[in-house]
Novice: 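Encoded as structure tokens, here's the structure I'll be asking about.
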Amino acid sequence: MKAVVYRGARRLGIEEREPAAPGPGELGISVAYTGICGTDLHIYHGDMDSRVGAAAIIGHEMSGRVAALGEGVTGWAVGQPVTVLPTRWCGRCAACRRGNSHICHAMNFLGIDSPGAMQSGWNVPAELVLPLPEELPLDQGALVEPVAVAVHDVRRGEVASGDHVVVVGGGPIGVLIGTVAKGRGARVLLVEPDPTRRAVAGDIGIEAVDPTAVDVAALVADRTDGAGADVAFEVSGAAAGVATAVEVLAVRGRLVMVAIHPRPREVDLHRFFWRELELRGARLYQRDDMAEAIRLIASGAIPARQLISRVEPPEAATAAFTALEGGGVMKVLLDWREDDR
């Protein structure tokens, strides 16, 4: 079995390991593709060493096929295409008791707190596995998890048909949020300085503007008769992005905080007071978000293939991470299918 191993800040390695049979209640999965996301980049930069140990196998965006069934597991067939809900909750903490198991206080996030998907064979609890349609290409299936993020974020924003929505940050999650919101009938404006990402957004029907060349707040005000946006999503992770997301909102507008901000940010709280704005966090997703993501990709509502910029073999993992952090790309996948490359 081959695995990409995190060895410390900006250091990845490839290791050959002995494959293990799935334990009781587990499914063994032959991994086809693994996506690299912003959280993986935080790990790569060493920002999450308090949770990610030495020689850890990271990654949680994936697709693959069932390879083996552990003791007591039924209802699955070898060869069946699948993806994984990478969050395992305790069921006992205050969040779980209130029905919010997706933000469990003792969350085991696969790929962070326990071995993840950047390996050719992965054993996971069967209850975390979701079937994929047989006709769905597995490279597109690897985008289910990030699409689920977008589905959950749009639900948190309570986006409705006719809403004016501003998405600040045009990386993969920002573009997916824009796509899901537009699918609900919202009028979407994406704010992104990178020309490649703006071009990708434009190709799939999302209007995108460069905040270094356009007064975003003035543009939004002009298009809404001075009212402002109903919902803004902060996906950039930058201080300037936070300021823009607050500035564009209408009275009683909703700001959904999607990006991970590793340090405190200055926020115009007077504007929150003056316009009675709302701030909502959006951290993870639930199983029904994953199910909806599968439906959206399979139906073609999410143009998954157009969002995949690069596919690399595991041996090129460092180059794949470097490409993603450098910008100018959308989704970057690792291809574990040695016989099919």
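Residue numbers start at 1 and run along the sequence shown.
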Novice: Decide, yes or no, whether a salt bridge links R10 with E325 under the criterion of side-chain N to carboxylate O below 4.0 Å.
Specialist: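 A salt bridge links R10 with E325.
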
Novice: Within the side chain of T87, is there an N or O that forms a donor-acceptor pair under 3.5 Å with the backbone of H102?
Specialist: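 Pair absent, no side-chain N/O of T87 close to backbone of H102.
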
Novice: Mind checking salt bridge (charged side-chain N to carboxylate O under 4.0 Å, His left out) for D289 and listing every partner two or more places apart, or none if nothing turns up?
Specialist: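 For D289, the residues satisfying salt bridge (charged side-chain N to carboxylate O under 4.0 Å, His left out) (neighbours in sequence not counted) are R155.
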
Novice: Determine whether a donor-acceptor pair (N or O, by modelled atom type, separation under 3.5 Å) exists between the side chain of D268 and the backbone of V246.
Specialist: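 No, the answer is negative, given that no donor and acceptor are paired below the 3.5 Å cut-off.
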
Novice: Which pair of heavy atoms, one from P81 and one from L138, lies closest together, and at what distance?
Specialist: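 So the two residues come closest at CB-CD2, 4.0 Å.
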
Novice: Are Y6 and D40 linked by a side-chain donor-acceptor pair shorter than 3.5 Å?
Specialist: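 Result is no, nothing qualifies.
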
Novice: Salt bridge or not between R198 and E192? Use side-chain N to carboxylate O under 4.0 Å.
Specialist: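 Answer for the salt bridge query: no.
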
Novice: Can you check whether L69 reaches L27 side chain to side chain, under 4.5 Å on heavy atoms?
Specialist: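 They are in contact (side-chain heavy atoms under 4.5 Å apart), so the answer is yes.
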
Novice: Verify side-chain contact (heavy atoms from CB on, under 4.5 Å) between V191 and V209, making sure each step is shown before the conclusion.
Specialist: CA-CA 5 Å; V191 180; V209 297; 4.3 Å; yes

Novice: Can you list the steps and then say if L143 with L333 is a side-chain contact (heavy atoms from CB on, under 4.5 Å)?
Specialist: CA-CA 9 Å; L143 270 63; L333 306 182; 4.2 Å; yes

Novice: Could you tell me whether the side chain of R156 and the main chain of A282 form a donor-acceptor pair under 3.5 Å?
Specialist: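 A pair under 3.5 Å: no.
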
Novice: Look at the side chain of H45 and the backbone N and O of L41, then say whether any donor-acceptor pair between them is shorter than 3.5 Å.
Specialist: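 It does hold such a pair.
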
Novice: Treat each ILVMFWY residue as a node, draw an edge where side-chain heavy atoms are under 4.5 Å apart, and state whether W76 and L132 are in one component.
Specialist: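 Looking at the clustering, L132 is in the same group as W76.
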
Novice: Where does the angle between the aromatic ring planes of H60 and F109 fall among parallel (under 30°), tilted (30 to 60°) and perpendicular (over 60°)?
Specialist: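 Rings of H60 and F109: perpendicular, over 60°.
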
Novice: Using modelled atom types only, decide if a donor and an acceptor are shared between the side chain of N100 and the backbone of I103 within a distance under 3.5 Å.
Specialist: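 Checked: no pair found.
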
Novice: So which heavy atom on A142 is nearest to which on P146, and how close?
Specialist: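 So the two residues come closest at O-CD, 4.1 Å.
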
Novice: R310: what forms a side-chain hydrogen bond (donor to acceptor under 3.5 Å, both in side chains) with it, not counting sequence neighbours?
Specialist: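 R310: side-chain hydrogen bond (donor to acceptor under 3.5 Å, both in side chains) contacts with E312.
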
Novice: Which atom pair, heavy atoms only, marks the closest approach of A298 to P133?
Specialist: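 That closest heavy-atom pairing would be CB-CG, 4.0 Å.
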
Novice: Got a sec: does the CZ of R92 have more than 12 other heavy atoms crowding it under 6.0 Å?
Specialist: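 It does not: R92 CZ has 12 such atoms or fewer within range.
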
Novice: Indicate yes or no for a side-chain donor-acceptor contact from S63 to the backbone of A32 under 3.5 Å, with no hydrogens or angles considered.
Specialist: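 Checked: no pair found.
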
Novice: Using atom types as modelled and distance alone, determine if a side-chain donor or acceptor of R271 lies under 3.5 Å from a backbone N or O of E247.
Specialist: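 Checked: pair present.
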
Novice: Check whether any side-chain heavy atom of V256 sits under 4.5 Å from a side-chain heavy atom of V154, and report yes or no.
Specialist: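 Contact flag for V256/V154 side chains = no.
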
Novice: Would you check if L255 and E234 make a side-chain contact, meaning some heavy-atom pair closer than 4.5 Å?
Specialist: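 L255 reaches E234 side chain to side chain.
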
Novice: Show your reasoning for whether salt bridge (Lys or Arg N to Asp or Glu O under 4.0 Å) applies to E207 and R187.
Specialist: CA-CA 9 Å; E207 182 185 5; R187 290 166 282 189; over 6 Å; no

Novice: Does a side-chain heavy-atom distance below 4.5 Å link W336 with M62?
Specialist: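 No, too far: nothing below the 4.5 Å cut-off.
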
Novice: Taking C-beta and beyond as the side chain, do H42 and I260 meet within less than 4.5 Å on heavy atoms?
Specialist: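 Side chain of H42 against side chain of I260, heavy atoms only: contact under 4.5 Å found.
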
Novice: With Y33, which of E61, R337, Q140 fulfils side-chain hydrogen bond (donor to acceptor under 3.5 Å, both in side chains)?
Specialist: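 Exactly one candidate clears the test, R337.
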
Novice: Does the side chain of I58 come within less than 4.5 Å of V4's, by heavy atoms?
Specialist: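 Result no, sub-4.5 Å side-chain heavy-atom pair not found.
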
Novice: Please name the pair of heavy atoms, one in P314 and one in D335, separated by the smallest distance, quoted to 0.1 Å.
Specialist: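 Smallest interatomic distance, heavy atoms only, reads CD-O, 3.2 Å.
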
Novice: Provide the closest heavy-atom pair for A148 versus A293 in the form atom of the first, atom of the second, distance.
Specialist: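 That closest heavy-atom pairing would be N-CB, 3.5 Å.
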
Novice: Test salt bridge (Lys or Arg N to Asp or Glu O under 4.0 Å) on E278 and R254; report intermediate values, then the result.
Specialist: CA-CA 5 Å; E278 296 180 31; R254 301 177 294 281; 5.8 Å; no

Novice: Taking the side chain as every heavy atom from C-beta outward, state whether V175 and I204 have any pair of such atoms under 4.5 Å apart.
Specialist: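 Side-chain contact under 4.5 Å: yes.
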
Novice: Is there a side-chain contact between M118 and I36 (heavy atoms, below 4.5 Å)?
Specialist: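 In short, these two side chains touch, coming nearer than 4.5 Å.
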
Novice: Could you report the tightest heavy-atom contact between R287 and L130, atom names first, then the distance?
Specialist: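 It is NH2-CG, 3.8 Å.
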
Novice: Has D194 got a side-chain atom pairing as donor or acceptor with T196's backbone, closer than 3.5 angstrom?
Specialist: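 The answer is yes, because a donor-acceptor pair under 3.5 Å joins these two groups.
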
Novice: What's the verdict on side-chain contact (heavy atoms from CB on, under 4.5 Å) for L128 and L110, showing C-alpha distance, side-chain angles and the deciding distance?
Specialist: CA-CA 10 Å; L128 302 183; L110 279 63; 4.2 Å; yes

Novice: Might you confirm whether atom CZ of R51 has over 12 heavy atoms from other residues, nucleotides or ligands at distances under 6.0 Å?
Specialist: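 Yes, the 6.0 Å shell around CZ holds more than 12 heavy atoms from other groups.
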
Novice: Decide side-chain contact (heavy atoms from CB on, under 4.5 Å) for Q306 and M330; before the verdict, give the C-alpha distance in whole Å, the side-chain angles of both, and the deciding distance to 0.1 Å.
Specialist: CA-CA 9 Å; Q306 291 174 259; M330 296 298 282; over 6 Å; no

Novice: Quickly, which of I177, V167, V188 forms a side-chain contact (heavy atoms from CB on, under 4.5 Å) with I206? Name it, please.
Specialist: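 Result for side-chain contact (heavy atoms from CB on, under 4.5 Å) with I206: V188.
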
Novice: Hey, is CD on E71 packed in by over 12 heavy atoms from elsewhere, all under 6.0 Å?
Specialist: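 No - once you tally the heavy atoms of other residues, nucleotides and ligands closer than 6.0 Å, there are 12 at most.
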
